[in-house]
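Atoms within each ligand, like the ligands themselves, are counted from 1 in listed order.
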Amino acid sequence: MRVLHFLWWSIPLVASAIDYTQYVNLFIGTEGPIKGSAYSSGNVFPGAALPFGAVKVGIDTTRWDTSFAANGGYTPDGNVTAITMLHVSGTGGAPSYGLVPQMPLTSLEGVNLMDNMTYMQPRTKLDEASVGFYKTSLQNGVVAEMSASQHAGIMRYAYPKDDEKYVVVDLSHFLPSKGKREQWYSNGVLERSEDGRQYSGYGVWREGWTGGGDFRVYFCSEFDTVPSSAQFFSGPATDPYWPNATFTSTTFTNSTSIQGGVTGYQYADRIGALFKFPTNATTVMSKVGISWISVDKACRFISDEIPHWDLNTTVSQAEEKWNTEVLSKIEVKTENATELEMFYTALYHGHLLPADRTGENPHWESDEPYYDDFYTLWDTFRCLHSLHTLIVPDRQEGVIRAMIDIWRHERFMPEGRSHNHNGRVQGGSNSDNVLADSYVKGLRGGINWADGYKAMKTNAEVVPYNNFDFEDPTGSTKEGRGALEDWLKYGYVTPNFGRSLSKTVDYALNDFSLSQVARGEAPDDVALYLNRSSGWQKMWHANVTSLNFTGFLAPTFANGSIEDYNPLSCGACDWLAISYEGTPWEYSWTIPFDMRTLIARMGGVNLTEARLDAMFIPGLSESDANGNSAGTMIFNPGNEPSFSTPFLYNYLPGRQWKSVLRAKEVADEFYGDDRSGLPGNDDAGALSSWLVWNWLGLYPVVTQPVYLLLSPRFDDISMKLGNGTLRITADRQGGAGIYVQSVKVNGMQWNQSWVSHDDITKNGGGLIEFVLGEEAVGWDIGNVPPSPGYIA
Ligand SMILES: *[C@@H]1O[C@H](CO)[C@@H](O)[C@H](O)[C@H]1NC(C)=O
Ligand SMILES: *[C@@H]1O[C@H](CO)[C@@H](O)[C@H](O)[C@H]1NC(C)=O
Ligand SMILES: *[C@@H]1O[C@H](CO)[C@@H](O)[C@H](O)[C@H]1NC(C)=O
Ligand SMILES: *[C@@H]1O[C@H](CO)[C@@H](O)[C@H](O)[C@H]1NC(C)=O
Ligand SMILES: *[C@@H]1O[C@H](CO)[C@@H](O)[C@H](O)[C@H]1NC(C)=O
Ligand SMILES: *[C@@H]1O[C@H](CO)[C@@H](O)[C@H](O)[C@H]1NC(C)=O
Ligand SMILES: *[C@@H]1O[C@H](CO)[C@@H](O)[C@H](O)[C@H]1NC(C)=O
Ligand SMILES: *[C@@H]1O[C@H](CO)[C@@H](O)[C@H](O)[C@H]1NC(C)=O
Ligand SMILES: *[C@@H]1O[C@H](CO)[C@@H](O)[C@H](O)[C@H]1NC(C)=O
Ligand SMILES: *[C@@H]1O[C@H](CO)[C@@H](O)[C@H](O)[C@H]1NC(C)=O
Ligand SMILES: *[C@@H]1O[C@H](CO)[C@@H](O)[C@H](O)[C@H]1NC(C)=O
Ligand SMILES: *[C@@H]1O[C@H](CO)[C@@H](O)[C@H](O)[C@H]1NC(C)=O
């Protein structure tokens, strides 16, 4: 019966003809609470890119407020200094990339090519963007349009008719962060054809937020028009701590090659190129290919991916790719244009990172896929990868294979990683959670799970060398678990290490992840890691009181005594604080594998409910992690540690309706369709994926094959899974009610607040039919969601 029932739905839908890119608004998440400013914004990248694109083509702009970083390159109020090929999206911390620039100019009067502040351009109107396309209008009259393929960009510069026409390439350009985790230009090489129509070379940069030594990016570029003159220029290396740089004279050469300094020299000269085009040329087009391996590959990317001069073709191909690979995977029926826009934009933002650099790893050769720009797993493990596992399982498989291959060659899987450098561990080794989540959901494909488990064991057993990060020298921030010694010795992390409290709950989940994968790969290890996963309980102190509640996680010394502290605060919640970017109150809720013990420790169902309620009372927050916080509740909608909290009522029998209420309140208050429509840094799509789940009416319990049931925002949803379709319907009985009155799963009446992965994927997918209404109903009296980490 059931098979028959799904048959009609699994037929490829007419829907694939729908152009979902029309619903994507690339500017959602580019501004913060102050209109016109990127401060405290989603930091999303609004330029042109393919799903998981290796290049992301967009503008870089100035910004004078040093208290935040415009990590996607774009700010609404800055001046354009370049159009560049490499960006990340949604990240906090400090920027990576803004690399391999071009800048169209119409005059050199007053211009010092060494000083981008002498030629930066205000914009004369709002930039325009659509999937695969970006357009900016500069004060000098140039209209610059751009698009992207997987490894190359194509630009069209329309110049005012009678003005001079230049393209400047300042190879030493990068996105600055004014001293904080700054990137550096180090060296470079430029070559050009005799006629100046082609140029190529590489630049060498270093550091940035993830740290790391020199990395090389090769490029190959051509123009559609022969320049009337082409010259290279150079000048002494400048202080990267802009704007205190001093600018000296520029030296020009007619030579067809130039080098910043001997190979490897880290303070080489800045170098660049100046192309002048005939005055009668009204538009100049250019293509730039990017490779991490060689100039030849960079050139081949252009000829393979953009073998023409038609920007529109590249845009159409990008739209097609986004439609087929990502956006058509979830079809929702609604009359509400705002919600369509928010939903498909969130889906789009959830598929920009990590970057697919398969075949582009400069450090080793391998048949495995390769991904870079994990930015970071601390953000994305909670619910973004669970979305990828459901709707783009091939990508998730590739990402896991890449992570395992990184372990094979570099001893540890990444936590954060950019420009091929593992770096910046904020809490636990969250690659463990990403692997476990896919493993328990049956993702196999070409993944070598024996190696995957070994990679996880490395995280659990091998102390990573201390890189003495200046922001926290107590243990490694490069990879692995920096406070593993304490974890193994005491079962929790003592205040001898920075972020001891949040590391303790993170390591607990990480070891639970090991126990999950061990069930299949190393059954003898299951008890060991389950046991370790209970370590958070050793940090739970029944005598700590805050607001009206008793029993909290507290920073705990080796002898079991505790540090005097306030569970509502962690100061700036930075690298040396007791907990990272979240208060002890928030981190108390991050025990998804053993909610049963947590609820008992909190004093039972009713007290847990009251404590959850307190999370959502405005005005109770004492957190001052400013840039990372939104609202005044203890629950912080703008950052990841709080992600699952609104949905935990599902663990309290009959209280699922409160999860529904919170889900709606938070989405309605903090998410929107305008430029400030994200409550914090999107973090590689983490926040966006949270909204997608919320509106699907499901939330994944990470590391378990379990989804909590909420209430769908749409009346009919159809998700194309790796092997079938999950359909979710809502019968609102003619009203606008959001509360679940009753629900059927695969035709069966359901009284539990969750479904298993099998429920929604086996037998060609699944069907969840909600009946919704105005009245809060305690329908969820069946088994509460599992607590597989519970140890009697
Ligand atoms: C942009 O450039 C204009 C004109 O050069 C200048 O007045 C303004 O201060 C600049 N603003 C920023 C944010 O760079
Ligand atoms: C501008 O030039 C400075 C100094 O060379 C450099 O640090 C910065 O990255 C450049 N780009 C922007 C967007 O300001
Ligand atoms: C720039 O120079 C000023 C004045 O010398 C100094 O106060 C400031 O600290 C410098 N800033 C940086 C980032 O070096
Ligand atoms: C480069 O060539 C141009 C035109 O031939 C000439 O005017 C100029 O002096 C040359 N510049 C240098 C630095 O040799
Ligand atoms: C510009 O002028 C040159 C000769 O002066 C000519 O060869 C070329 O075709 C013209 N280009 C355009 C776009 O009109
Ligand atoms: C490219 O597409 C834009 C927008 O659809 C259109 O205005 C323009 O004419 C097209 N250009 C070409 C060369 O087809
Ligand atoms: C459409 O959705 C938005 C965002 O959820 C909401 O604010 C608005 O009220 C909805 N409009 C209608 C007509 O329901
Ligand atoms: C679990 O840990 C306790 C100490 O914390 C230890 O006594 C017990 O042997 C451990 N059990 C396993 C299966 O490792
Ligand atoms: C704590 O208890 C007091 C007195 O019963 C009550 O007024 C207050 O609302 C409670 N606060 C919270 C956060 O529950
Ligand atoms: C609370 O209990 C801890 C041990 O769990 C102990 O170190 C601390 O002194 C106790 N505090 C008070 C105020 O009793
Ligand atoms: C918990 O609260 C419910 C009402 O919300 C009440 O019926 C029940 O008696 C309470 N249980 C306990 C143990 O206080
Ligand atoms: C799809 O089904 C096939 C055959 O049952 C299985 O081998 C494969 O792993 C499944 N793929 C996913 C993504 O579940």
Side-chain angles (χ1 to χ4, degrees), residues 23 25 28 332-346 490-492 494-495 500-501 504 535-569 578 583-586 588-589 601-603 606-623 632-635 637 645 658 660-679 688 690-692 694-697 710-715 717 730 732 734-738 772 774:
Y23 307 127
N25 175 350
I28 293 180
V332 301
K333 292 211 178 80
T334 176
E335 306 286 299
N336 188 319
T338 306
E339 290 183 347
L340 266 186
E341 184 180 328
M342 288 169 67
F343 185 81
Y344 283 102
T345 302
Y490 307 113
Y492 57 93
T494 72
S500 65
L501 190 146
T504 295
W536 65 275
Q537 296 180 37
K538 299 188 174 132
M539 199 179 246
W540 190 274
H541 297 273
N543 62 0
V544 180
T545 295
S546 176
L547 299 176
N548 298 337
F549 301 95
T550 302
F552 281 91
L553 296 167
T556 307
F557 296 108
N559 67 3
S561 67
I562 62 178
E563 192 178 293
D564 187 28
Y565 84 118
N566 172 6
L568 279 169
S569 170
I578 55 172
T583 61
W585 258 83
E586 288 177 80
S588 306
W589 300 104
R601 295 274 174 141
M602 287 184 171
N606 287 6
L607 282 173
T608 304
E609 181 182 13
R611 197 186 284 217
L612 269 177
D613 290 345
M615 291 295 293
F616 300 93
I617 299 172
L620 289 188
S621 171
E622 292 180 22
S623 160
T632 62
M633 302 175 282
I634 305 173
F635 163 76
T645 311
K658 274 198 180 174
V660 170
L661 175 65
R662 303 295 181 218
K664 178 167 166 58
E665 283 175 346
V666 175
D668 287 355
E669 183 176 352
F670 293 97
Y671 288 78
D673 69 330
D674 57 2
R675 289 169 183 245
S676 56
L678 286 174
S688 288
W690 184 92
L691 183 71
V692 168
N694 184 331
W695 282 10
L696 292 174
L710 305 170
S711 167
R713 181 66 64 126
F714 308 108
D715 292 345
I717 298 167
R732 283 172 219 272
I738 58 165
L772 304 179
E774 311 270 347

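Within a 4.0 Å radius of atom 5 (O) of ligand 9, the protein contributes no non-hydrogen atoms. Checking atom 11 (N) of ligand 9 against the protein gives a heavy-atom contact under 4.0 Å.
Looking only at side-chain heavy atoms (C-beta outward), K664 and V660 stay at 4.5 Å or farther from each other. Within the 4.5 Å cutoff, side-chain heavy atoms of L568 are placed close to those of L547.
For ligand 7, the polar-atom distance check finds no N/O of T338 at less than 3.5 Å from any of the ligand's N/O atoms.
Taking a cut-off of under 4.0 Å to the non-hydrogen atoms of R713, the atoms of ligand 7 that pass are 5 (O). Taking every heavy atom of I562 and a limit of under 4.0 angstrom, the matching atoms of ligand 10 come to 7 (O).
Side-chain polar atoms of T334 and N336 form no donor-acceptor pair below 3.5 angstrom.
In terms of modelled atom types and a separation under 3.5 Å, the side chain of T632 and the main chain of G619 share a donor-acceptor contact. No side-chain donor-acceptor contact under 3.5 Å links E341 to the backbone of T338.
A centroid separation of 6.0 Å or more is found between the aromatic rings of W589 and F635.
Looking at atom 9 (O) of ligand 7, its nearest protein heavy atom turns out to be N336 ND2, 4.7 Å. Among all non-hydrogen protein atoms, the one lying nearest atom 2 (O) of ligand 10 is N543 ND2, 2.4 Å. The single protein non-hydrogen atom nearest to atom 7 (O) of ligand 10 is S561 CA, 3.3 Å, given as residue, atom name and distance.
At a heavy-atom cutoff of 4.0 Å, ligand 7 is contacted by no atom of E335, backbone or side chain.
Using cut-offs of 30° and 60° on the angle between ring planes, the pair W585 and F552 is tilted.
Of the candidates L620, N548, L547, the one placing a heavy atom closest to atom 14 (O) of ligand 9 is N548.
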